[in-house]
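One structure below.
Bear in mind that the values here come from a model prediction, so they are computed numbers and not experimental data. Below, each value reflects all heavy atoms present in this structure, side chains not excepted, and no hydrogens, waters or symmetry copies.
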Amino acid sequence: MENNVSERFLQDELQTLAANQKIDSFREKFLDMHPYDQASFFMDQPEEVRLYIYTYLSPEETADIMEHIELDDIKPLFTEMDPRYAAMVIAEMATDDAVDILNELEKDVVVSLLTIMDDKNAAEIKELLHYEEETAGSIMTTEFVAVYESKTIKDTMQYLKAEAPEAETIYYLYVIDEDKHLVGVVSLRDLIIAESDMRVADVMSENVLSVSVAKDQEEVARMIRDYDFLALPVVDFQNHLLGIITVDDILDVMEEEAGEDYSKLAGVSDMDSPKDSAFISAKKRLPWLVILLFLGMLTASLIGQFEQTLEQVAVLAIFIPLLAGMAGNTGTQALAVAVRSISTGDYAKQGKMKLIAREAVTGLINGIVCGALLTAIVYFWQDDFFLGLLVGLSIMITLVVATLAGALVPMLMDRLHIDPAVASGPFITTINDIISILIYFGLATMFMQYLI
(Lines give C-alpha, C1' and ligand atoms only; values in the text may rest on other atoms or scores of the structure.)
Protein backbone atom coordinates (compact mmCIF):
# COMPACT_ATOMS: atom_id res chain seq x y z
CA MET A 1 0.00 0.00 0.00
CA GLU A 2 2.84 2.36 0.94
CA ASN A 3 4.62 1.56 -2.35
CA ASN A 4 1.51 2.44 -4.35
CA VAL A 5 1.14 5.75 -2.50
CA SER A 6 4.81 6.66 -3.02
CA GLU A 7 4.65 5.70 -6.70
CA ARG A 8 1.54 7.81 -7.18
CA PHE A 9 3.21 10.71 -5.39
CA LEU A 10 6.31 10.38 -7.61
CA GLN A 11 4.20 10.28 -10.77
CA ASP A 12 2.27 13.40 -9.70
CA GLU A 13 5.55 15.15 -8.91
CA LEU A 14 7.06 14.17 -12.28
CA GLN A 15 3.95 15.33 -14.12
CA THR A 16 4.14 18.70 -12.36
CA LEU A 17 7.87 19.05 -13.13
CA ALA A 18 7.29 18.15 -16.78
CA ALA A 19 4.36 20.52 -17.22
CA ASN A 20 6.27 23.38 -15.49
CA GLN A 21 9.38 22.70 -17.62
CA LYS A 22 11.65 22.01 -14.62
CA ILE A 23 14.03 20.10 -16.85
CA ASP A 24 16.92 19.31 -14.48
CA SER A 25 14.68 18.20 -11.61
CA PHE A 26 12.55 16.12 -13.96
CA ARG A 27 15.57 14.38 -15.50
CA GLU A 28 17.08 13.61 -12.11
CA LYS A 29 13.98 11.85 -10.81
CA PHE A 30 12.80 10.36 -14.10
CA LEU A 31 16.12 8.78 -15.14
CA ASP A 32 16.46 7.22 -11.69
CA MET A 33 13.44 5.03 -12.49
CA HIS A 34 13.57 1.64 -14.23
CA PRO A 35 12.86 1.93 -18.00
CA TYR A 36 9.66 -0.11 -17.56
CA ASP A 37 8.39 2.37 -14.92
CA GLN A 38 9.47 5.23 -17.18
CA ALA A 39 7.42 3.74 -20.01
CA SER A 40 4.37 3.28 -17.74
CA PHE A 41 4.57 6.91 -16.60
CA PHE A 42 5.15 8.10 -20.16
CA MET A 43 2.05 6.32 -21.50
CA ASP A 44 -0.12 7.79 -18.74
CA GLN A 45 0.65 11.33 -19.87
CA PRO A 46 -1.43 13.37 -22.33
CA GLU A 47 0.16 14.30 -25.65
CA GLU A 48 1.04 17.86 -24.61
CA VAL A 49 3.10 16.58 -21.64
CA ARG A 50 4.80 13.91 -23.77
CA LEU A 51 5.85 16.62 -26.25
CA TYR A 52 7.67 18.40 -23.40
CA ILE A 53 9.32 15.14 -22.30
CA TYR A 54 10.75 14.51 -25.78
CA THR A 55 12.66 17.79 -25.49
CA TYR A 56 13.98 16.86 -22.03
CA LEU A 57 15.42 13.49 -23.07
CA SER A 58 18.11 12.50 -25.54
CA PRO A 59 17.17 10.11 -28.40
CA GLU A 60 19.08 7.34 -26.61
CA GLU A 61 17.10 7.85 -23.39
CA THR A 62 13.81 7.90 -25.31
CA ALA A 63 14.84 4.74 -27.18
CA ASP A 64 15.18 2.90 -23.84
CA ILE A 65 11.59 3.89 -23.02
CA MET A 66 10.22 2.87 -26.43
CA GLU A 67 11.65 -0.63 -26.06
CA HIS A 68 9.35 -1.16 -23.05
CA ILE A 69 6.13 0.06 -24.71
CA GLU A 70 3.67 -2.34 -26.35
CA LEU A 71 3.81 -2.29 -30.15
CA ASP A 72 0.07 -1.58 -30.32
CA ASP A 73 0.70 1.76 -28.56
CA ILE A 74 3.79 2.77 -30.55
CA LYS A 75 2.28 4.24 -33.72
CA PRO A 76 0.75 7.44 -32.25
CA LEU A 77 3.99 8.18 -30.36
CA PHE A 78 6.14 8.25 -33.49
CA THR A 79 3.44 10.18 -35.32
CA GLU A 80 3.52 12.97 -32.73
CA MET A 81 7.35 13.19 -32.58
CA ASP A 82 9.40 15.51 -34.74
CA PRO A 83 10.51 13.32 -37.70
CA ARG A 84 14.23 14.00 -37.19
CA TYR A 85 13.99 13.20 -33.50
CA ALA A 86 11.99 10.03 -34.29
CA ALA A 87 14.66 8.91 -36.76
CA MET A 88 17.38 9.41 -34.14
CA VAL A 89 15.35 7.46 -31.55
CA ILE A 90 14.97 4.50 -33.92
CA ALA A 91 18.68 4.64 -34.77
CA GLU A 92 19.51 4.28 -31.06
CA MET A 93 17.32 1.20 -30.59
CA ALA A 94 18.33 -2.43 -31.00
CA THR A 95 17.95 -3.24 -34.68
CA ASP A 96 15.31 -5.93 -34.17
CA ASP A 97 13.24 -3.62 -31.93
CA ALA A 98 13.56 -0.83 -34.50
CA VAL A 99 12.28 -3.14 -37.23
CA ASP A 100 9.31 -4.20 -35.07
CA ILE A 101 8.35 -0.55 -34.61
CA LEU A 102 8.77 0.35 -38.28
CA ASN A 103 6.52 -2.56 -39.24
CA GLU A 104 3.75 -0.85 -37.23
CA LEU A 105 4.06 2.46 -39.10
CA GLU A 106 2.73 3.55 -42.48
CA LYS A 107 5.06 2.85 -45.41
CA ASP A 108 5.49 6.52 -46.31
CA VAL A 109 6.47 7.29 -42.70
CA VAL A 110 9.01 4.42 -42.73
CA VAL A 111 10.56 5.69 -45.98
CA SER A 112 10.77 9.21 -44.55
CA LEU A 113 12.45 8.06 -41.32
CA LEU A 114 14.98 5.85 -43.13
CA THR A 115 15.82 8.74 -45.47
CA ILE A 116 16.53 11.06 -42.53
CA MET A 117 18.55 8.41 -40.66
CA ASP A 118 22.31 8.04 -41.12
CA ASP A 119 23.32 5.59 -43.85
CA LYS A 120 24.86 2.93 -41.58
CA ASN A 121 21.84 2.51 -39.30
CA ALA A 122 19.42 2.77 -42.21
CA ALA A 123 21.26 -0.01 -44.09
CA GLU A 124 21.14 -2.36 -41.07
CA ILE A 125 17.43 -1.78 -40.58
CA LYS A 126 16.61 -2.12 -44.30
CA GLU A 127 18.38 -5.48 -44.32
CA LEU A 128 16.06 -6.86 -41.64
CA LEU A 129 12.96 -5.24 -43.11
CA HIS A 130 13.36 -7.42 -46.21
CA TYR A 131 12.72 -10.63 -44.29
CA GLU A 132 9.21 -12.06 -44.13
CA GLU A 133 7.27 -11.40 -40.95
CA GLU A 134 7.17 -14.19 -38.34
CA THR A 135 10.45 -15.71 -39.58
CA ALA A 136 13.78 -15.96 -37.78
CA GLY A 137 15.16 -13.17 -39.97
CA SER A 138 12.43 -10.74 -38.91
CA ILE A 139 13.13 -11.14 -35.17
CA MET A 140 16.92 -11.55 -35.15
CA THR A 141 19.32 -8.78 -34.17
CA THR A 142 22.56 -7.95 -35.94
CA GLU A 143 24.02 -6.40 -32.79
CA PHE A 144 26.12 -9.33 -31.64
CA VAL A 145 29.78 -10.22 -31.22
CA ALA A 146 31.27 -12.89 -33.47
CA VAL A 147 34.86 -14.00 -32.89
CA TYR A 148 37.30 -15.63 -35.29
CA GLU A 149 38.50 -19.16 -34.62
CA SER A 150 42.07 -18.26 -35.60
CA LYS A 151 42.45 -15.44 -33.05
CA THR A 152 44.19 -15.86 -29.71
CA ILE A 153 42.27 -15.56 -26.45
CA LYS A 154 44.19 -12.36 -25.62
CA ASP A 155 43.25 -10.67 -28.92
CA THR A 156 39.67 -11.89 -28.61
CA MET A 157 39.25 -10.46 -25.11
CA GLN A 158 40.58 -7.08 -26.25
CA TYR A 159 38.18 -7.15 -29.20
CA LEU A 160 35.33 -8.15 -26.89
CA LYS A 161 35.99 -5.20 -24.56
CA ALA A 162 35.70 -2.84 -27.51
CA GLU A 163 32.56 -4.39 -29.03
CA ALA A 164 30.62 -5.48 -25.92
CA PRO A 165 28.90 -2.11 -25.20
CA GLU A 166 27.01 -2.33 -28.52
CA ALA A 167 26.18 -6.05 -28.32
CA GLU A 168 22.84 -7.40 -27.10
CA THR A 169 24.49 -10.28 -25.24
CA ILE A 170 28.06 -11.52 -24.69
CA TYR A 171 27.49 -14.55 -22.47
CA TYR A 172 27.84 -16.85 -25.46
CA LEU A 173 29.96 -15.87 -28.47
CA TYR A 174 29.63 -17.44 -31.89
CA VAL A 175 32.79 -18.41 -33.70
CA ILE A 176 33.29 -17.88 -37.42
CA ASP A 177 36.01 -18.67 -39.94
CA GLU A 178 37.60 -16.23 -42.37
CA ASP A 179 34.62 -16.61 -44.74
CA LYS A 180 32.10 -15.76 -41.98
CA HIS A 181 30.82 -19.36 -41.76
CA LEU A 182 29.50 -20.39 -38.33
CA VAL A 183 31.90 -23.02 -36.97
CA GLY A 184 31.37 -23.07 -33.20
CA VAL A 185 30.33 -21.40 -29.97
CA VAL A 186 32.32 -20.38 -26.89
CA SER A 187 31.13 -19.07 -23.53
CA LEU A 188 32.52 -15.97 -21.89
CA ARG A 189 33.47 -18.17 -18.94
CA ASP A 190 35.64 -20.40 -21.16
CA LEU A 191 37.43 -17.35 -22.57
CA ILE A 192 38.13 -15.96 -19.11
CA ILE A 193 39.68 -19.15 -17.74
CA ALA A 194 41.64 -20.07 -20.92
CA GLU A 195 45.34 -19.29 -21.35
CA SER A 196 45.88 -16.02 -23.19
CA ASP A 197 48.09 -17.59 -25.89
CA MET A 198 45.55 -20.30 -26.77
CA ARG A 199 43.41 -19.91 -29.88
CA VAL A 200 39.63 -19.66 -29.87
CA ALA A 201 39.45 -22.87 -31.92
CA ASP A 202 41.09 -24.71 -28.98
CA VAL A 203 38.37 -23.81 -26.47
CA MET A 204 35.23 -23.51 -28.61
CA SER A 205 32.57 -26.19 -28.98
CA GLU A 206 31.85 -27.28 -32.54
CA ASN A 207 28.47 -28.64 -31.47
CA VAL A 208 26.49 -25.47 -32.20
CA LEU A 209 22.82 -25.36 -33.11
CA SER A 210 21.57 -22.72 -35.52
CA VAL A 211 18.38 -21.85 -37.40
CA SER A 212 17.77 -20.83 -40.98
CA VAL A 213 16.89 -17.19 -41.58
CA ALA A 214 13.57 -18.33 -43.10
CA LYS A 215 12.54 -20.59 -40.22
CA ASP A 216 9.16 -19.89 -38.61
CA GLN A 217 9.45 -17.92 -35.38
CA GLU A 218 7.27 -20.42 -33.50
CA GLU A 219 9.73 -23.24 -34.29
CA VAL A 220 12.60 -21.01 -33.15
CA ALA A 221 10.78 -20.35 -29.87
CA ARG A 222 10.33 -24.09 -29.40
CA MET A 223 14.07 -24.72 -29.92
CA ILE A 224 15.10 -22.06 -27.40
CA ARG A 225 12.60 -23.46 -24.91
CA ASP A 226 13.69 -27.08 -25.39
CA TYR A 227 17.44 -26.39 -25.22
CA ASP A 228 17.29 -23.61 -22.58
CA PHE A 229 19.35 -21.28 -24.75
CA LEU A 230 19.88 -17.61 -24.00
CA ALA A 231 20.39 -16.97 -27.71
CA LEU A 232 20.36 -18.81 -31.02
CA PRO A 233 22.46 -18.00 -34.12
CA VAL A 234 20.73 -17.36 -37.45
CA VAL A 235 22.42 -18.46 -40.68
CA ASP A 236 21.74 -18.36 -44.42
CA PHE A 237 21.68 -21.39 -46.72
CA GLN A 238 25.51 -21.32 -46.92
CA ASN A 239 25.86 -21.27 -43.13
CA HIS A 240 27.03 -17.64 -42.99
CA LEU A 241 26.28 -16.10 -39.59
CA LEU A 242 23.69 -13.32 -40.09
CA GLY A 243 22.46 -12.54 -36.59
CA ILE A 244 21.21 -13.93 -33.30
CA ILE A 245 17.82 -14.32 -31.63
CA THR A 246 17.81 -13.67 -27.89
CA VAL A 247 15.47 -15.11 -25.29
CA ASP A 248 13.75 -11.74 -24.64
CA ASP A 249 12.64 -11.66 -28.28
CA ILE A 250 11.35 -15.22 -27.95
CA LEU A 251 9.25 -14.28 -24.92
CA ASP A 252 7.56 -11.65 -27.10
CA VAL A 253 7.03 -14.27 -29.83
CA MET A 254 5.49 -16.74 -27.40
CA GLU A 255 3.12 -14.08 -26.07
CA GLU A 256 2.17 -13.10 -29.62
CA GLU A 257 1.62 -16.69 -30.76
CA ALA A 258 -0.38 -17.54 -27.64
CA GLY A 259 -2.57 -14.49 -28.24
CA GLU A 260 -3.15 -15.48 -31.88
CA ASP A 261 -4.02 -19.08 -30.95
CA TYR A 262 -6.38 -17.98 -28.18
CA SER A 263 -8.04 -15.55 -30.58
CA LYS A 264 -8.56 -18.26 -33.21
CA LEU A 265 -9.79 -20.78 -30.66
CA ALA A 266 -12.38 -18.23 -29.61
CA GLY A 267 -13.49 -17.83 -33.22
CA VAL A 268 -12.09 -14.32 -33.71
CA SER A 269 -10.11 -13.54 -36.86
CA ASP A 270 -7.74 -11.23 -34.97
CA MET A 271 -7.21 -10.53 -31.28
CA ASP A 272 -9.34 -7.66 -30.02
CA SER A 273 -7.52 -4.75 -28.48
CA PRO A 274 -9.12 -2.82 -25.59
CA LYS A 275 -8.58 0.30 -27.69
CA ASP A 276 -10.54 -1.04 -30.66
CA SER A 277 -13.84 0.65 -31.41
CA ALA A 278 -17.07 -1.34 -31.32
CA PHE A 279 -17.09 -1.32 -35.14
CA ILE A 280 -13.54 -2.76 -35.40
CA SER A 281 -14.31 -5.44 -32.79
CA ALA A 282 -17.49 -6.42 -34.62
CA LYS A 283 -15.58 -6.58 -37.91
CA LYS A 284 -13.06 -9.02 -36.38
CA ARG A 285 -15.72 -11.28 -34.87
CA LEU A 286 -18.37 -11.19 -37.59
CA PRO A 287 -16.85 -13.56 -40.21
CA TRP A 288 -16.87 -16.57 -37.88
CA LEU A 289 -20.29 -15.65 -36.53
CA VAL A 290 -21.75 -15.64 -40.06
CA ILE A 291 -20.19 -19.04 -40.79
CA LEU A 292 -21.52 -20.42 -37.50
CA LEU A 293 -24.94 -18.91 -38.28
CA PHE A 294 -25.22 -21.00 -41.43
CA LEU A 295 -23.93 -24.10 -39.62
CA GLY A 296 -26.57 -23.44 -36.96
CA MET A 297 -29.22 -23.32 -39.68
CA LEU A 298 -27.99 -26.73 -40.81
CA THR A 299 -28.46 -28.00 -37.25
CA ALA A 300 -31.99 -26.57 -37.16
CA SER A 301 -32.87 -28.17 -40.52
CA LEU A 302 -31.59 -31.54 -39.24
CA ILE A 303 -33.96 -31.35 -36.27
CA GLY A 304 -36.72 -30.53 -38.74
CA GLN A 305 -35.99 -33.77 -40.61
CA PHE A 306 -36.89 -35.68 -37.45
CA GLU A 307 -40.14 -33.77 -36.88
CA GLN A 308 -42.19 -36.96 -37.13
CA THR A 309 -40.04 -38.61 -34.46
CA LEU A 310 -40.53 -35.62 -32.15
CA GLU A 311 -44.31 -35.66 -32.72
CA GLN A 312 -44.48 -39.30 -31.61
CA VAL A 313 -42.18 -38.88 -28.58
CA ALA A 314 -42.16 -35.18 -27.64
CA VAL A 315 -40.10 -35.82 -24.49
CA LEU A 316 -37.05 -36.37 -26.74
CA ALA A 317 -36.81 -32.59 -27.21
CA ILE A 318 -35.94 -32.14 -23.53
CA PHE A 319 -32.51 -33.74 -23.99
CA ILE A 320 -31.39 -31.97 -27.20
CA PRO A 321 -29.58 -29.11 -25.37
CA LEU A 322 -27.96 -31.61 -23.00
CA LEU A 323 -26.47 -33.76 -25.77
CA ALA A 324 -25.42 -30.78 -27.88
CA GLY A 325 -23.79 -29.10 -24.88
CA MET A 326 -21.91 -32.22 -23.80
CA ALA A 327 -20.71 -32.84 -27.36
CA GLY A 328 -19.47 -29.26 -27.65
CA ASN A 329 -17.72 -29.36 -24.27
CA THR A 330 -15.87 -32.62 -24.84
CA GLY A 331 -14.95 -31.61 -28.39
CA THR A 332 -13.48 -28.32 -27.17
CA GLN A 333 -11.48 -30.17 -24.49
CA ALA A 334 -10.00 -32.53 -27.09
CA LEU A 335 -9.38 -29.60 -29.43
CA ALA A 336 -7.42 -27.71 -26.76
CA VAL A 337 -5.27 -30.78 -26.02
CA ALA A 338 -4.61 -31.44 -29.72
CA VAL A 339 -3.75 -27.81 -30.55
CA ARG A 340 -1.40 -27.63 -27.58
CA SER A 341 0.28 -30.94 -28.54
CA ILE A 342 0.84 -29.64 -32.07
CA SER A 343 2.12 -26.23 -30.97
CA THR A 344 4.55 -27.66 -28.37
CA GLY A 345 5.83 -30.42 -30.66
CA ASP A 346 4.50 -33.27 -28.47
CA TYR A 347 2.31 -34.37 -31.39
CA ALA A 348 5.38 -35.03 -33.57
CA LYS A 349 7.18 -36.84 -30.75
CA GLN A 350 4.26 -39.08 -29.69
CA GLY A 351 2.90 -39.83 -33.14
CA LYS A 352 -0.62 -39.22 -34.39
CA MET A 353 -1.89 -42.76 -33.80
CA LYS A 354 -0.94 -42.64 -30.13
CA LEU A 355 -2.73 -39.31 -29.71
CA ILE A 356 -5.83 -40.56 -31.54
CA ALA A 357 -5.91 -43.79 -29.51
CA ARG A 358 -5.57 -41.89 -26.24
CA GLU A 359 -8.41 -39.49 -27.13
CA ALA A 360 -10.62 -42.37 -28.29
CA VAL A 361 -10.14 -44.24 -24.99
CA THR A 362 -10.65 -40.98 -23.05
CA GLY A 363 -13.88 -40.34 -24.92
CA LEU A 364 -15.04 -43.92 -24.33
CA ILE A 365 -14.39 -43.77 -20.57
CA ASN A 366 -16.13 -40.40 -20.28
CA GLY A 367 -18.98 -41.70 -22.44
CA ILE A 368 -19.54 -44.84 -20.36
CA VAL A 369 -19.52 -42.91 -17.07
CA CYS A 370 -21.77 -40.09 -18.30
CA GLY A 371 -24.01 -42.50 -20.21
CA ALA A 372 -24.57 -44.76 -17.19
CA LEU A 373 -25.21 -41.79 -14.93
CA LEU A 374 -27.65 -40.22 -17.39
CA THR A 375 -29.49 -43.52 -17.95
CA ALA A 376 -30.16 -43.81 -14.23
CA ILE A 377 -31.21 -40.16 -13.87
CA VAL A 378 -33.64 -40.29 -16.83
CA TYR A 379 -35.08 -43.63 -15.67
CA PHE A 380 -35.91 -42.30 -12.19
CA TRP A 381 -37.02 -38.92 -13.53
CA GLN A 382 -39.24 -40.04 -16.43
CA ASP A 383 -39.94 -43.59 -15.18
CA ASP A 384 -39.00 -44.94 -18.62
CA PHE A 385 -36.08 -47.38 -18.84
CA PHE A 386 -35.87 -47.41 -22.67
CA LEU A 387 -35.85 -43.62 -22.81
CA GLY A 388 -33.04 -43.55 -20.24
CA LEU A 389 -31.15 -46.22 -22.19
CA LEU A 390 -31.58 -44.24 -25.43
CA VAL A 391 -30.29 -40.99 -23.91
CA GLY A 392 -27.43 -42.78 -22.13
CA LEU A 393 -26.37 -44.67 -25.27
CA SER A 394 -26.60 -41.47 -27.32
CA ILE A 395 -24.42 -39.54 -24.90
CA MET A 396 -21.85 -42.35 -24.82
CA ILE A 397 -21.51 -42.55 -28.61
CA THR A 398 -21.62 -38.75 -28.91
CA LEU A 399 -18.78 -38.22 -26.44
CA VAL A 400 -16.57 -40.76 -28.25
CA VAL A 401 -17.22 -39.26 -31.69
CA ALA A 402 -17.01 -35.64 -30.46
CA THR A 403 -13.71 -36.30 -28.69
CA LEU A 404 -12.26 -37.85 -31.84
CA ALA A 405 -13.55 -34.95 -33.94
CA GLY A 406 -11.96 -32.44 -31.58
CA ALA A 407 -8.61 -34.21 -31.93
CA LEU A 408 -8.74 -35.09 -35.63
CA VAL A 409 -9.79 -31.72 -37.08
CA PRO A 410 -6.68 -29.78 -35.89
CA MET A 411 -4.46 -32.72 -36.89
CA LEU A 412 -5.96 -32.64 -40.38
CA MET A 413 -5.43 -28.89 -40.60
CA ASP A 414 -1.83 -29.28 -39.51
CA ARG A 415 -1.36 -31.90 -42.23
CA LEU A 416 -2.73 -29.42 -44.78
CA HIS A 417 -0.31 -26.75 -43.42
CA ILE A 418 -3.17 -24.67 -42.00
CA ASP A 419 -2.89 -23.23 -38.49
CA PRO A 420 -4.67 -25.86 -36.31
CA ALA A 421 -5.96 -23.10 -34.02
CA VAL A 422 -8.31 -22.13 -36.86
CA ALA A 423 -10.34 -25.18 -35.78
CA SER A 424 -11.91 -22.86 -33.26
CA GLY A 425 -13.96 -23.82 -30.22
CA PRO A 426 -17.23 -22.44 -31.68
CA PHE A 427 -16.58 -24.26 -34.97
CA ILE A 428 -15.96 -27.63 -33.29
CA THR A 429 -18.92 -27.06 -30.97
CA THR A 430 -21.27 -26.46 -33.91
CA ILE A 431 -19.97 -29.49 -35.82
CA ASN A 432 -20.42 -31.64 -32.74
CA ASP A 433 -23.98 -30.28 -32.31
CA ILE A 434 -24.78 -31.70 -35.74
CA ILE A 435 -23.11 -35.02 -34.90
CA SER A 436 -24.97 -35.35 -31.58
CA ILE A 437 -28.36 -34.66 -33.17
CA LEU A 438 -27.76 -37.22 -35.93
CA ILE A 439 -26.77 -39.86 -33.38
CA TYR A 440 -29.59 -39.04 -30.97
CA PHE A 441 -32.46 -38.93 -33.45
CA GLY A 442 -30.99 -41.73 -35.53
CA LEU A 443 -31.10 -44.05 -32.52
CA ALA A 444 -34.52 -42.73 -31.47
CA THR A 445 -35.97 -43.46 -34.94
CA MET A 446 -34.36 -46.90 -34.95
CA PHE A 447 -35.82 -47.88 -31.57
CA MET A 448 -39.11 -45.96 -31.85
CA GLN A 449 -41.18 -49.10 -31.16
CA TYR A 450 -39.75 -49.29 -27.63
CA LEU A 451 -40.41 -45.62 -26.85
CA ILE A 452 -44.10 -45.34 -27.83
Side-chain angles (χ1 to χ4, degrees), residues 66-75 90 93-105 110 124-144 167-169 172 174 182 185 208-265 268-271 273 338-349 410 413-423:
M66 294 299 153
E67 289 178 354
H68 289 81
I69 294 176
E70 294 290 334
L71 285 176
D72 292 342
D73 300 323
I74 281 289
K75 186 175 178 179
I90 290 176
M93 299 180 73
T95 313
D96 54 331
D97 292 329
V99 169
D100 288 340
I101 287 174
L102 290 176
N103 281 328
E104 296 295 316
L105 304 179
V110 173
E124 290 178 355
I125 291 172
K126 285 177 183 176
E127 187 178 345
L128 293 188
L129 279 171
H130 290 154
Y131 294 115
E132 285 187 48
E133 287 192 43
E134 300 190 352
T135 62
S138 69
I139 60 172
M140 73 179 182
T141 179
T142 55
E143 294 166 339
F144 66 97
E168 189 149 335
T169 180
Y172 286 93
Y174 298 101
L182 178 65
V185 62
V208 55
L209 286 175
S210 61
V211 293
S212 164
V213 70
K215 200 170 192 72
D216 185 88
Q217 64 178 15
E218 198 167 356
E219 295 180 46
V220 177
R222 200 175 297 141
M223 283 186 66
I224 286 185
R225 181 204 64 192
D226 291 344
Y227 289 95
D228 289 329
F229 286 151
L230 293 177
L232 199 59
V234 181
V235 296
D236 63 12
F237 72 101
Q238 293 180 319
N239 204 42
H240 293 117
L241 181 60
L242 301 178
I244 65 170
I245 298 172
T246 53
V247 68
D248 61 314
D249 296 317
I250 289 304
L251 290 174
D252 293 336
V253 168
M254 293 174 75
E255 181 180 356
E256 179 186 336
E257 294 289 344
E260 286 181 4
D261 288 349
Y262 182 81
S263 177
K264 290 171 182 174
L265 281 170
V268 182
S269 59
D270 191 14
M271 181 61 78
S273 167
V339 170
R340 185 182 182 281
S341 296
I342 293 169
S343 63
T344 59
D346 293 341
Y347 164 66
K349 295 174 186 176
M413 289 188 169
D414 183 60
R415 183 70 178 269
L416 296 174
H417 304 291
I418 302 171
D419 189 346
V422 172

Mind checking what makes side chain to side chain contact (heavy atoms under 4.5 Å, CB included) contact with [X], not counting sequence neighbours?
X: L129; value: V99, L102, N103, V110, L114, I125
X: D97; value: E67, M93, A94, D100, D249
X: E70; value: D73
X: S210; value: L182, P233, V235, N239

Do [X] and [Y] come within less than 4.5 Å of each other through their side chains, counting heavy atoms only?
X: T142; Y: L242; result: no
X: I101; Y: L71; result: yes
X: T135; Y: V213; result: no
X: L230; Y: T169; result: no

For residues 231-254, the ring-ring contact (aromatic ring centres under 6.0 Å, His included) pairs (sequence neighbours left out) are H181-H240
By ring pair (Phe, Tyr, Trp, His ring centres under 6.0 Å), Y227 pairs with (sequence neighbours left out) F229
Should the heavy atoms of other residues, nucleotides or ligands under 6.0 Å from CD of E104 be counted, would the total exceed 12? yes
Heavy atoms of other groups near Y172 OH, more than 12 under 6.0 Å: no
Pair T246, E168: side-chain N/O donor-acceptor within cut-off below 3.5 Å: yes
Quick one: closest heavy-atom pair of [X] and [Y], and the distance?
X: G137; Y: M140; result: O-CG, 3.5 Å
X: I250; Y: I224; result: CG1-CD1, 3.2 Å
X: A136; Y: S212; result: CB-O, 3.4 Å

Could you pull out all residues at least two apart from K75 that satisfy salt bridge (charged side-chain N to carboxylate O under 4.0 Å, His left out)? E106
Which residues pass the salt bridge (charged side-chain N to carboxylate O under 4.0 Å, His left out) test with E219, sequence neighbours left out? K215
Would you give the length of the straight line joining atom CG of L105 to atom CD1 of I90, rounded to the nearest 0.5 angstrom? 6.0 Å
What's the separation between atom CZ in F144 and atom CD1 in I244, rounded to the nearest 0.5 Å? 7.0 Å
